[in-house]
Amino acid sequence: MHEHHHEHSDASEGMDRAFKIGIVINLLFVVIEAGFGFSANALSLVADAGHNLSDVLGLAVSWIALLLSRRPRTVKRTYGYKRSSILAALFNGVFLLVAVGGILLEAVQRLWAPQAVAENQVIVVATIGILINGFTAWLFMKNQKRDLNIKGAFLHMAADTLVSVGVVLAALVIKVTDWFWLDPVISILIAVVIFIGSWQLLRDALALSVDGVPPSVDYQEVAAFLLSQPTVIGQHDLHIWALSTTENAMTVHLCRETLADNNQFLEQLDHELTSRFDLAHITIQVELGEIKDESVKHSI
């Protein structure tokens, strides 16, 4: 048996900074927006401040998961808390869908009874929103492709930037035309866009939480690669799953013709698997000779 492990310390330090900055500036924005909303009697701004506060919570959940996943393993938790990042992505996916429901509900109510909006104040605050949310989304942009947990944080901020852009556009047009119905219509369009993004996040997070093969690894390709090794005559019980949103594990039983150079064989294979595929923790059990059960041997 053999195990391998990679660290990404530089990236995670950068992420810590991104979360700290993101949470602080977004909390400030919530205070500003709520203040403006109450003074201008603009319900939409107060509601948006509440929505932004829920995003700060989303960021906090992702960050806590990131911190937890670095904690050392213990005798009770032999993988540490790595899976907490998958739970955070799942939480953020559900959370985004709830936010979509909230936006839709508000928008439909406003379609039936359009209300006048204090456009100038709305435009000022929403523009600040675009800058703050956009900047926070940018902080997470680089790492969101390889970490589903970071992607959850990124989608939250990107969705908010989109909402603020919609609010500014609607307010500008309403200033000229008095089409108060435009406000809820744009909200509905934005909700649909957010829904599409969060649905994918939720599907990916669900798949990882039930030990599905991570999208970054091709199961068939790994199986074929293992069988192509010299002296390997069969393999069974190949499992590939996610330990966290950034680390994947693999276990397999390999049948070999000889055990003469077993340690060297394992070291070489381990090295090739980690450099070729997105795998970190690899455990290989070697058996001598053919597998008795033919159906198992070919079930890859």
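We're numbering straight along the sequence, starting at 1.
Across Pro184 and Ala107, no two heavy atoms sit closer than the pair CB-O, 3.2 Å.
In this structure, a donor-acceptor pair under 3.5 Å is absent between the side chains of Ser85 and Asn149. A donor-acceptor pair shorter than 3.5 Å can be found between the side chains of Asp55 and His156. A donor atom on one side chain and an acceptor atom on the other are found under 3.5 Å apart for Gln200 and Asp204.
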Evaluate Ser62 against Asn92 for side-chain hydrogen bond (donor to acceptor under 3.5 Å, both in side chains), listing each step before the verdict. CA-CA 8 Å; Ser62 290; Asn92 268 326; 2.9 Å; yes
Stepwise side chain to side chain contact (heavy atoms under 4.5 Å, CB included) test for Asn248 and Val213: CA-CA 9 Å; Asn248 303 321; Val213 176; over 6 Å; no
List the steps and the verdict of side chain to side chain contact (heavy atoms under 4.5 Å, CB included) for Ile188 and Leu111. CA-CA 10 Å; Ile188 291 170; Leu111 265 180; 3.8 Å; yes
Dump the intermediate steps for side chain to side chain contact (heavy atoms under 4.5 Å, CB included) on Val193 and Leu162, then the final yes or no. CA-CA 9 Å; Val193 174; Leu162 210 63; 3.4 Å; yes
Apply side-chain hydrogen bond (donor to acceptor under 3.5 Å, both in side chains) to Glu287 and His236, showing your working. CA-CA 10 Å; Glu287 297 156 11; His236 61 102; 3.1 Å; yes
Would you please test Thr251 and Asp237 for side-chain hydrogen bond (donor to acceptor under 3.5 Å, both in side chains) and show each step? CA-CA 7 Å; Thr251 58; Asp237 291 305; over 6 Å; no
Determine whether Gln264 and Gln268 satisfy the following criterion, side-chain hydrogen bond (donor to acceptor under 3.5 Å, both in side chains), listing intermediate values before the conclusion. CA-CA 6 Å; Gln264 197 185 341; Gln268 179 66 24; over 6 Å; no
Evaluate the criterion salt bridge (charged side-chain N to carboxylate O under 4.0 Å, His left out) for residue pair Arg70 and Asp16; output intermediate values, then yes/no. CA-CA 12 Å; Arg70 287 191 213 139; Asp16 273 344; 3.1 Å; yes
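The aromatic rings of Trp63 and Phe19 sit parallel to each other, their planes meeting at less than 30°, with 60° as the upper class boundary.
Atom CG of Leu90 sits about 12.0 Å away from atom OG1 of Thr245, to the nearest 0.5 Å. Between Thr283 atom OG1 and His253 atom NE2 the span is 10.0 Å, to the nearest 0.5 Å.
At most 12 non-hydrogen atoms from other residues, nucleotides or ligands lie less than 6.0 angstrom from CH2 of Trp199.
For the side chain to side chain contact (heavy atoms under 4.5 Å, CB included) criterion with Phe135, the lone passing option out of Ile132, Leu131, Leu139, Asn133 is Leu139.
Taken together through direct or relayed side-chain contacts under 4.5 Å among Ile, Leu, Val, Met, Phe, Trp and Tyr, Ile64 and Met157 form parts of separate hydrophobic clusters. Linking ILVMFWY residues whenever their side-chain heavy atoms come closer than 4.5 Å, directly or via other members, places Val232 and Val252 in the same cluster. Both Leu238 and Leu269 sit in one connected hydrophobic cluster of ILVMFWY residues. Membership requires side-chain heavy atoms under 4.5 Å apart, directly or through other members.
Annotation: cation-pi pair Arg256/Phe265 present, NZ/CZ under 6.0 Å from the ring centroid and within 45° of its normal.
Not a single salt bridge (charged side-chain N to carboxylate O under 4.0 Å, His left out) links Arg71 to another residue, sequence neighbours left out.
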